[in-house]
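What follows is a short report on a single structure.
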There are 2 protein chains.
Amino acid sequence: MTVMARAATTSDVFNAIAEPRRREILVLLRTGERPVAQLAQQLGMPQPGASKHLRVLREVGLVQDRKSGKQRLYGLDARGLRRVHEWTGGFEQFWNEGFDRLDEYVQDLKQARQAD
Amino acid sequence: MTVMARAATTSDVFNAIAEPRRREILVLLRTGERPVAQLAQQLGMPQPGASKHLRVLREVGLVQDRKSGKQRLYGLDARGLRRVHEWTGGFEQFWNEGFDRLDEYVQDLKQARQAD
DNA sequence: TTGACGCATACCCATATAGGTATATGATGA
DNA sequence: TCATCATATACCTATATGGGTATGCGTCAA
């Protein structure tokens with residue numbers, strides 16, 4: 001009787017990056033590996049919070065981690081973002097080629113609505 | 001003291017497209033406007049469900065709607081997806097240029113982990 | 001005006017978070 | 001072995017959903 005409330009963030013890259021903090025983490029990792037504590041500090045959030053977000057990112061494969069002495073360094077593995085980039089890219093024609101037409105179309109919709 | 005559980009889907013495009021059904025809707029709308037009932041049918045879900053997803057998409061601006069007689073036609077306005085496309089594009093170098101290096105790096109991480 | 005049709009909402013539920021705090025785990029160094 | 005540092009987890013709370021069902025509302029046709 002599983003009454004799904006929402007797809008688990010851990011199951012999908014789209015969900016993983018839906019959280020602003022996690023997107024911030026990915027951006028921070030673009031410049032290189034970082035230990036959890038440093039990420040937590042840069043995010044301005046408690047360490048446990050950062051660890052939890054990192055866990056989600058790890059489970060969807062957007063980050064990789066390795067131990068380094070007492071620390072655990074997290075590194076970016078952005079390959080999973082490619083899927084999102086390509087999916088959104090599938091709509092590119094709707095914001096480029098057909099922009100004028102689309103804008104006109106949207107204006108029409110707005111007018112039609114105001115006319116109610 | 002608002003204890004945010006999660007950013008509202010209605011406030012952000014990233015959240016809006018985190019839901020599979022909503023992504024399906026956007027894909028369906030690529031071929032043109034559609035009345036709610038038809039979308040619900042194609043999604044294989046009750047009409048109220050489709051309406052709710054459409055509402056979220058409307059609130060983040062990914063779809064526009066207009067009345068047409070007794071029906072309400074929903075149309076795609078993919079411009080908001082551009083932001084997502086560009087954000088993910090900011091990581092492109094990590095899955096193209098540096099692929100070999102990255103893959104090697106990931107392998108190292110895995111080995112390091114197995115070596116524990 | 002009335003009845004049917006197409007949607008949007010109101011509710012009710014169970015679940016999945018995001019956060020914060022306290023605590024268990026692991027690893028390092030004296 | 002013991003104290004300490006760096007993380008990961010366990011809990012607990014308030015919310016935000018997604019889904020299903022019943023129902024309100026506006027529009028159109030007879």
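All figures in this text were calculated on a predicted structure; none of them were measured in a lab. Every chain is numbered from 1, with letters handed out A, B, ... down the list of sequences.
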ask   = Would you say the base of dA8(C) and the side-chain of Q47(B) have a donor-acceptor pair closer than 3.5 Å?
value =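 Answer is yes: a donor-acceptor pair is held.
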ask   = Has the side chain of K67(B) got a donor or acceptor that lies under 3.5 Å from a partner of the other kind on the base of dG6(C)?
value =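 Side chain to base: no pair present.
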Out of [options], which has the shortest distance to the side chain of [X]?
X	options	answer
P46(B)	dG20(D), dG19(C), dC7(C)	dG20(D)
M45(B)	dA8(C), dA8(D), dG19(D)	dG19(D)
S51(A)	dT7(D), dA8(C), dG18(D)	dT7(D)

What integer distance in Å separates [X]:[atom1] from [N]:[atom2]?
X	N	atom1	atom2	value
L73(B)	dG26(D)	CG	P	19 Å
K52(A)	dG19(C)	NZ	P	8 Å
N15(B)	dT17(C)	CG	P	12 Å
D65(A)	dT7(D)	CG	P	11 Å
L43(A)	dA18(C)	CG	P	14 Å
L54(A)	dA18(C)	CG	P	13 Å
R66(A)	dA27(C)	CZ	C1'	16 Å
L39(A)	dA6(D)	CG	P	14 Å

inquiry  = Has R22(A) got a side-chain atom pairing as donor or acceptor with I17(A)'s backbone, closer than 3.5 angstrom?
reply    =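 No; judged by distance alone, with no hydrogens or angles, the pair does not exist.
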key: Whether R30(A) side chain and G90(B) backbone form a donor-acceptor pair below 3.5 Å   =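 Yes; at least one donor-acceptor contact below 3.5 Å.
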request  = Applying side-chain hydrogen bond (donor to acceptor under 3.5 Å, both in side chains), name anything that partners Q47(A), two or more places apart in sequence or on another chain.
outcome  =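 side-chain hydrogen bond (donor to acceptor under 3.5 Å, both in side chains) check on Q47(A) returns S51(A).
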query = Just checking Q71(B): base, sugar-phosphate only, or nothing, at a heavy-atom cut-off of under 4.0 Å?
reply =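 It contacts sugar-phosphate atoms only.
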query = Under 4.0 angstrom, heavy atoms only, what part of the nucleic acid is P48(A) near: base, sugar-phosphate, or nothing?
reply =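 Since a base atom lies under 4.0 Å of P48(A), the category is base.
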Once salt bridge (Lys or Arg N to Asp or Glu O under 4.0 Å) is applied, do any residues pair with [X], and if so which ones, sequence neighbours excluded?
X	value
R83(B)	D12(B)
R82(A)	E86(A)
E24(B)	none

Indicate whether OP1 or OP2 belonging to [N] is found under 4.0 Å from a side-chain N or O atom of [X].
X	N	answer
R22(A)	dA18(C)	yes
Y74(B)	dG6(C)	no
H53(A)	dG19(C)	yes
R55(A)	dT7(D)	no
R21(B)	dG19(D)	yes

Could you write out each protein N or O paired with an N or O of nucleotides 28-30 of chain D at a distance under 3.5 Å?
none

key: Q38(A): partners by side chain to side chain contact (heavy atoms under 4.5 Å, CB included), with sequence neighbours left out   =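 For Q38(A), the residues satisfying side chain to side chain contact (heavy atoms under 4.5 Å, CB included) (neighbours in sequence not counted) are R34(A), P35(A), Q42(A).
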message = Quick test of your reading of the model: are R23(B) and E19(B) salt-bridged, counting only N-O distances below 4.0 Å?
response =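 Salt bridge: no.
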